[in-house]
Amino acid sequence: MFGLSFLSPLFLLGMAAAAIPIVIHLLHRRTEPVIEFSAMRFLRRAPVEQSRRRRLRELLLLALRVAALLMLAFAFARPYLSESAEALATPATIVLVDTSVSMSAPGQFERARMRATEIVRTAPPASSVAVLAFADSAEVMAPLSGDRAGALAAVSQLQVGAGATRYRTALGRAAEALGDRVGRIVVVTDLQQSGWDAADQGSVPEQVPVEVEDIGGPDGNVAITALRVEGTEAIAFVHNFATRPAVEQVTFSIDRQPAGAVPLTIAANGSAEARLAIPGAASGALSAAISDSQGYAGDNTRFAVMDLATAPLVLAVTASGHPSESFYLERALAIAEGAGGFRFRAVGGPAFSDMKPEELDAVRVVAILGTRGLEQRGRELLAGYVRAGGGLLVTAGPDIDVAILRQALQNVVETSWRPREGDPLRFAPVDSRHPVFRVFGGVGTLANVSFRRSALVDAGASADVVARYSDGTPALVEEASGEGRVLLFASDLNNAWNDFPLQPAFVPFLHESLRHLAASRPAATEYLVGALPGGPGRTPGVVNVAARRVAVNVDPRESDPARSTAEAFRTSVLGLTAGAARQAGVDAEQREDGQRLWQYALLLMVVSLAAEGMLGRRLG
């Protein structure tokens, strides 16, 4: 048995129109005339039987007409089937158990498990029970069913994680698991105040009661809230979330090998820095740890990568990927070493088109030296990279098909250009204070560069002309797009249309241009648990992502033990009911759209009308 619902129930009022053919039928009923006839006893049988058959056919015609009108109103009301009525009537209990970092104080999670176990055992005998664990996301540990043993086993297997508390996400997932059933949601948590801070999404239907089981929290907490490297020093920032001073020892390690320890006294509700000299350590996985035994255990260690100044990766897209097509660019970048250096990689257009968006996460600048083989997928990838904050260097050389790049950068940049012939040109900066030209202190050696061929650039309204040719036309144009930045150089960089690569100014020009572009997409070296693109990073530590190492740490907001009250929690839940109503409407529309019962109703209406027409002709 299924529950029948309607998206537009007001159209059901149209079923009242079914009374029209009934009224007409009653007003125009045919009656057989009474005729006096002497031999009536011989003719009585035949007319009566014929009248009965006619009356039956008329009733059938009436039923078909009424059915057609009913089906029409039914179709316009847009019906859909919800879950089984029996399942909807069965009460349900959703147990939400907080497994965030703020549940890692001594004895805290054991209390949560015991309380969740009691809720499962004392749930009404006829009700279904589900168990969900939540932190920054929510996961179904035991689906909604009458299996109490399975629910209890799921509770016993719960463990504290490293995610942050996100109440909206958890309640939204619980409401989704409850569906259209009658039931309640019970949240077992420490009522951490920061759990409502995140701008995540979630909603709870107004008719679903939300109960809170407060398992308490520690009186204070000491946490390492940040870790970084400055020069030859490792610096750990330690915060004391207690009303009394704390004494800790910060232990530093590099690649899991002890590097030193720093004693520290932190004032009540204050912070302090622990500094350790690490000369000669240029790279490695750095960690700092304390031994706070009273507060949360999950924030006692923090991680960082020591190669914070990792050379930015420059990806050159060429016609075929052959080294000769990016020779001068690669040689110029190889000159820079150390903290100011670059990493370089060249790929052909087809190879770039086959790349996945996450493979560009580590790329700070893409240099377009050729467009052959740059397929539609590659063009979309390029546009998405710029919008996401990537730096793009576009050259207007012989291997560039302007039409392809225009199509790729459509709605990304407004600047356009076209190849041209002409007399040799020179170029000079418009503003020598621009980051690209600051190192030259003016025109300097740039005046020696001769351009045999170049592109005629039409700078967009939002673009800045950074350098001009000696005829006044733009030579270098900069344009921002979203979070990204694009530099268009109106010639090539491979010694085909100019002698720039042979001039001393070539190397500093390239270095400063690429550093300027790379600044628009700083390489992220630290992520919070659960925020790392692609899925890895559910536990703190140092992981490899796209050929680079990044640190994964707990959210520092989770270290604050400030708590709200159960009443304040319930008040916050009330703010989620409006979103639930909107989501219920969206879900109903999706369900109705998938079932399309209105089509069957219209089909039945057409069949009814066709049958009515055929039968009416026989009566006529």
From [X] [atom1] over to [Y] [atom2], what is the distance, rounded to the nearest 0.5 angstrom?
X	Y	atom1	atom2	answer
Leu191	Glu213	CG	CD	10.0 Å
Glu478	Asp464	CD	CG	6.0 Å
Ser416	Leu409	OG	CG	11.5 Å
Asn221	Asp299	CG	CG	4.5 Å
Asp190	Ser564	CG	OG	9.0 Å
Thr371	Ile368	OG1	CD1	8.5 Å

Just wondering, do [Y] and [X] contact through their side chains at under 4.5 Å, heavy atoms?
X	Y	answer
Leu171	Ile185	yes
Asp458	Thr415	no
Met605	Leu602	yes
Phe352	Leu381	yes
Arg563	Gln192	no
Ile119	Val188	yes
Thr571	Val573	no
Val187	Asp98	no

Looking only at non-hydrogen atoms, find the nearest pair between [X] and [Y] and report the distance.
X	Y	answer
Arg113	Val155	CD-O, 3.2 Å
Ile94	Ala174	CG2-CB, 3.8 Å
Thr165	Ser102	OG1-OG, 3.5 Å
Ala138	Ala170	CB-CA, 4.1 Å
Ser559	Phe241	O-CD1, 3.5 Å
Ala154	Ala142	CB-CB, 3.8 Å

Met71 vs Leu603, side chain to side chain contact (heavy atoms under 4.5 Å, CB included): CA-CA, chis, key distance, verdict = CA-CA 9 Å; Met71 288 298 103; Leu603 179 61; over 6 Å; no
Any ion pair linking Lys356 and Asp361 (charged N to carboxylate O, less than 4.0 Å)?
->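 Here Asp361 does not pair with Lys356 in a salt bridge, since their nearest N and O are not under 4.0 Å apart.
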Indicate yes or no: does Arg121 engage Glu118 in a salt bridge with an N to O separation below 4.0 Å.
->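 Salt bridge flag = no for Glu118 with Arg121.
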Verdict with supporting geometry, Asp560 and Ser194, side-chain hydrogen bond (donor to acceptor under 3.5 Å, both in side chains) = CA-CA 8 Å; Asp560 188 351; Ser194 64; over 6 Å; no
[X] (side chain) donor-acceptor with [Y] (main chain) under 3.5 angstrom:
X	Y	value
Thr99	Phe134	yes
Arg168	Trp196	yes
Arg377	Ser353	yes
Tyr296	Glu558	no
Arg406	Trp417	yes
Thr565	Ala568	yes

For Gln376, side-chain contact (heavy atoms from CB on, under 4.5 Å) partners two or more places apart |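 Partners of Gln376 under the side-chain contact (heavy atoms from CB on, under 4.5 Å) test: Arg379, Glu380, Gln407.
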Let me know which of Arg115, Arg184, Arg570 forms a salt bridge (Lys or Arg N to Asp or Glu O under 4.0 Å) with Glu211.
->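 Of Arg115, Arg184, Arg570, salt bridge (Lys or Arg N to Asp or Glu O under 4.0 Å) with Glu211 is met by Arg184 alone.
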Output all residues satisfying ring-ring contact (aromatic ring centres under 6.0 Å, His included) with Phe109, sequence neighbours left out; order by chain, then residue number.
->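 Applying ring-ring contact (aromatic ring centres under 6.0 Å, His included) to Phe109 gives none.
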Applying side chain to side chain contact (heavy atoms under 4.5 Å, CB included), run through Leu132 and Met141 and close with a yes or a no.
-> CA-CA 5 Å; Leu132 279 71; Met141 307 303 294; 5.9 Å; no
Qualifying side chain to side chain donor-acceptor pair (under 3.5 Å) pairs, either residue in residues 143-159, two or more places apart =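 Listed once each, the pairs are Ser127-Arg148.
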Taking it one step at a time, do Asp555 and Arg166 satisfy salt bridge (charged side-chain N to carboxylate O under 4.0 Å, His left out)?
-> CA-CA 11 Å; Asp555 191 333; Arg166 298 290 181 265; 3.1 Å; yes
Verify the neighbour count for atom CG of Asp401: are there more than 12 heavy atoms of other residues, nucleotides or ligands below 6.0 Å?
->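 For Asp401, atom CG is crowded (more than 12 foreign heavy atoms under 6.0 Å).
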Audit row: Val140, Arg173, side chain to side chain contact (heavy atoms under 4.5 Å, CB included) steps and yes/no | CA-CA 9 Å; Val140 177; Arg173 184 68 183 87; 3.2 Å; yes
Going through the distances and angles, do Val529 and Asn553 end up as a side chain to side chain contact (heavy atoms under 4.5 Å, CB included)?
-> CA-CA 6 Å; Val529 169; Asn553 287 303; over 6 Å; no
